[in-house]
Amino acid sequence: MGRTQVGIVGAGPAGLMLAHLLHLRGISSVVLEARSRDYVEQRVRAGVLEQGSVDLLVESGVGDRLQREGLRHEGIELRFAGESHRVAMTELTGRAITVYGQQEVVKDLIAARLAAGQPIVFEVDDVAVHGLDTEQPSITFTHEGRDETLTCDFVAGCDGFHGVTRGAVPAGVLSTYDRVYPFAWLGVLATAPPAVDELIYANHERGFALYSMRSAQVSRLYLQVAPDEDIDDWSDDRIWAELRARLETVEGWSLNEGPVIEKGITPMRSFVVEPMQWERLYLAGDAVHIVPPTGAKGMNLALADVRLLGDAFAQWYAGGGGGLLEAYSSTALRRVWRAQHFSWWMTSMLHRFGDSDPYQARLQLAQLRNVTTSTAYARALAENYVGPVEV
Ligand code: FAS
Ligand code: PHB
């Protein structure tokens with residue numbers, strides 16, 4: 001396979017955006033991906049881009065389709081106790097979010113990478129990283145039946161929660177902070193025109209529900225379910241009935257049903273590993289942190305990490321020293337923990353935590369009333385949801 005400056009494991013938003021940012025600075029990289037191109041381009045995941053993520057994609061030249069097809073939203077709705085209240089995020093912060101499926105971001109980044117004639121190796125197996133504590137680490141893998149070795153200056157671990165790079169750090173170096181929630185999300189993609197202009201987050205006694213979308217024709221909806229729920233127990237009819245029960249709680253409004261294109265169950269966890277780097281390995285995105293998607297932070301954090309890494313590698317290769325590389329983890333973790341707190345706070349406010357804690361249920365209603373009556377509380381939610389101003 002030969003040599004490159006930065007070996008990147010994983011072609012999700014983190015790995016692909018990092019490769020793109022490095023290419024713009026004339027820094028070579030190779031992206032190694034376990035799955036096929038089709039698979040990663042069809043994988044339905046996140047849907048909300050912070051203002052800073054939109055700016056990054058547009059400023060780095062991969063935002064044309066996003067600007068054409070993305071849905072700019074200036075508010076979200078909180079629905080609870082038979083009421084529905086809008087949080088006017090743009091009025092409160094001057095910034096907005098854009099609804100644009102993660103798989104579309106991945107498609108745009110892959111297209112840009114291949115158009116630039118830059119390497120992404122799909123369907124690799126047996127990836128392993130070596131010599132991270134030397135000046136010439138390497139990545140071994142198999143591809144099309146051949147054993148390959150990629151030598152590099154640095155390795156970027158962008159291989160997600162179930163990847164291999166985090167595990168390459170010697171025992172005792174990393175500290176793990178995590179929380180597993182007593183529920184999961186059942187996600188549905190349906191060919192049904194959204195009956196809403198903005199996202200609805202619903203706190204309901206039967207459980208949390210979220211009404212999102214991908215376009216004027218496609219809805220994206222979520223239901224809180226038990227953590228060990230089997231998707232085969234959820235017929236389309238049962239899903240729509242539960243969504244109606246939890247979302248149709250205000251007079252005269254009903255959701256639009258339609259054929260289900262895709263459905264799946266995602267476990268809920270909060271997870272951070274510190275530090276986000278060791279020697280010549282830099283970890284980014286889900287490889288090093290996970291948030292419950294209630295705050296729509298996952299993909300945005302991944303992009304924020306690699307924005308920092310791109311600047312740090314640019315400084316190094318421009319002969320500016322390793323200051324930004326040395327500070328990567330501490331700089332990234334400030335934003336990571338802010339997003340961890342916000343995602344935990346939104347999750348705690350909106351989900352049912354069993355019937356054994358009526359006090360928590362009352363706290364939730366108090367929080368929701370605070371957010372929907374106090375400008376200060378509403379602004380705090382809005383600032384975190386649209387994301388921090390990029391410095
Ligand atoms: P990713 O997991 O996206 O990408 C890692 C890549 O590395 C994958 O393509 C994987 O195939 C590859 N890889 C793994 N091991 C490898 C190996 N050994 N060798 C080579 N390649 C390897 N976030 C939200 O904000 N909203 C949501 O609604 C939401 N829904 C989600 C649903 C699911 C099922 C999951 C798993 C996550 C969801 N997320 C959501 C979070 C998600 O969007 C992540 O934050 C985002 O994908 C992070 O991007 P990456 O860090 O690039 O990791
Ligand atoms: C989505 O549209 O997939 C989505 C939106 C908001 C969230 C999570 C997921 O908080």
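Counting starts at 1 for both ligands and their atoms, following the listed order.
- Separation of the Phe271 and Tyr177 ring centroids does not fall under the 6.0 Å cut-off.
- Distances below 4.0 Å separate heavy atoms of Leu32 from the following atoms of ligand 1: 20 (C), 21 (N).
- Between Tyr222 and Trp185, the ring planes are tilted. Angles from 30° to 60° get that label.
- Within the structure, the closest approach of Tyr100 to ligand 2 does not fall below 4.0 Å when heavy atoms are considered.
- Between the side chains of Asn256 and Tyr211, no donor-acceptor pair of N or O atoms lies under 3.5 Å.
- Between Phe80 and His85, the ring centre distance stays below 6.0 Å.
- Looking at Ala46, Ala128, Ala184, Ala284 and measuring to atom 23 (N) of ligand 1, the nearest heavy atom belongs to Ala46.
- By the criterion of a heavy-atom distance under 4.0 Å, both the backbone and the side chain of Asp159 are placed next to ligand 1.
- The residue from Gln102, Arg45, Arg220 that puts a heavy atom closest to atom 37 (C) of ligand 1 is Arg45.
- Among the atoms of Tyr222, some N or O lies under 3.5 angstrom from an N or O of ligand 2.
- There is a side-chain donor-acceptor pair under 3.5 Å between Gln5 and Ser28.
- On a distance-only criterion, Gly295 and ligand 2 share no N/O pair closer than 3.5 Å.
- Between Ala302 and ligand 1, no pair of N/O atoms sits closer than 3.5 Å.
- When heavy-atom distances to ligand 1 are checked against a 4.0 Å cut-off, Asp286 comes that close through both its backbone and its side chain.
- Residue contacts with ligand 2 for Leu210 involve side-chain atoms from C-beta outward but no N, CA, C or O (heavy atoms, distance under 4.0 Å).
- Of the heavy atoms in Tyr222, only side-chain atoms (C-beta onward) come closer than 4.0 Å to ligand 1.
- Taking the centre and axis of the six-membered ring of Trp278, the NZ or CZ atom of Arg166 falls outside the cone set by 45° and 6.0 Å.
- Considering only non-hydrogen atoms, atom 1 (C) of ligand 2 lies nearest to Arg214 out of Met299, Arg214, Met213.
- If you look at Arg43 next to ligand 1, the close heavy atoms, those under 4.0 Å, all belong to the side chain.
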Arg79 vs Glu77, test: salt bridge (Lys or Arg N to Asp or Glu O under 4.0 Å). Steps then yes/no. CA-CA 6 Å; Arg79 195 161 283 189; Glu77 208 167 298; 2.7 Å; yes
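- Checked against the 6.0 Å centroid threshold, Phe313 and Tyr282 count as a close aromatic pair.
- Taking a 4.0 Å cut-off on heavy atoms, Met346 fails to register as neighbouring ligand 2.
- Of the N or O atoms in Met299, one or more lie within a sub-3.5 Å distance of an N or O in ligand 1.
- Protein heavy atom closest to atom 6 (C) of ligand 2, with residue, atom name and distance, is Tyr201 OH, 3.3 Å.
- Using a non-hydrogen distance threshold of 4.0 Å, Arg45 registers as a contact of ligand 2.
- Polar contact with ligand 1: absent for Gly47 (N/O pair, distance under 3.5 Å).
- Under 4.0 angstrom from ligand 1, there are no non-hydrogen atoms of Leu301.
- Relative ring orientation between His351 and Phe353 is described as perpendicular, the plane-to-plane angle rising above 60° on a 0-90° scale split at 30° and 60°.
- Counting heavy atoms only, Pro293 comes closest to atom 8 (C) of ligand 2 of the residues Ala46, Gly101, Pro293, Gly47.
- Proximity of Phe161 to ligand 1 is not established, as no heavy-atom distance is less than 4.0 Å.
- Atoms of ligand 1 lying under 4.0 Å from any heavy atom of Val127, numbered from 1 in the order shown and given with element: 19 (N).
- Residue Gly285 approaches ligand 1 through these ligand atoms, each under 4.0 Å from one of its heavy atoms: 51 (O).
- Within the 4.0 angstrom cut-off, atom 39 (N) of ligand 1 has no protein heavy-atom neighbours.
- The shortest N or O to N or O distance between Tyr385 and ligand 2 is not under 3.5 Å.
- Considering backbone and side-chain atoms alike, Gly160 places every N or O at 3.5 Å or more from each N or O of ligand 1.
- Residue Arg25 qualifies as enclosed at atom CZ: its count of foreign heavy atoms under 6.0 Å is above 12.
- Polar contact with ligand 1: absent for Thr266 (N/O pair, distance under 3.5 Å).
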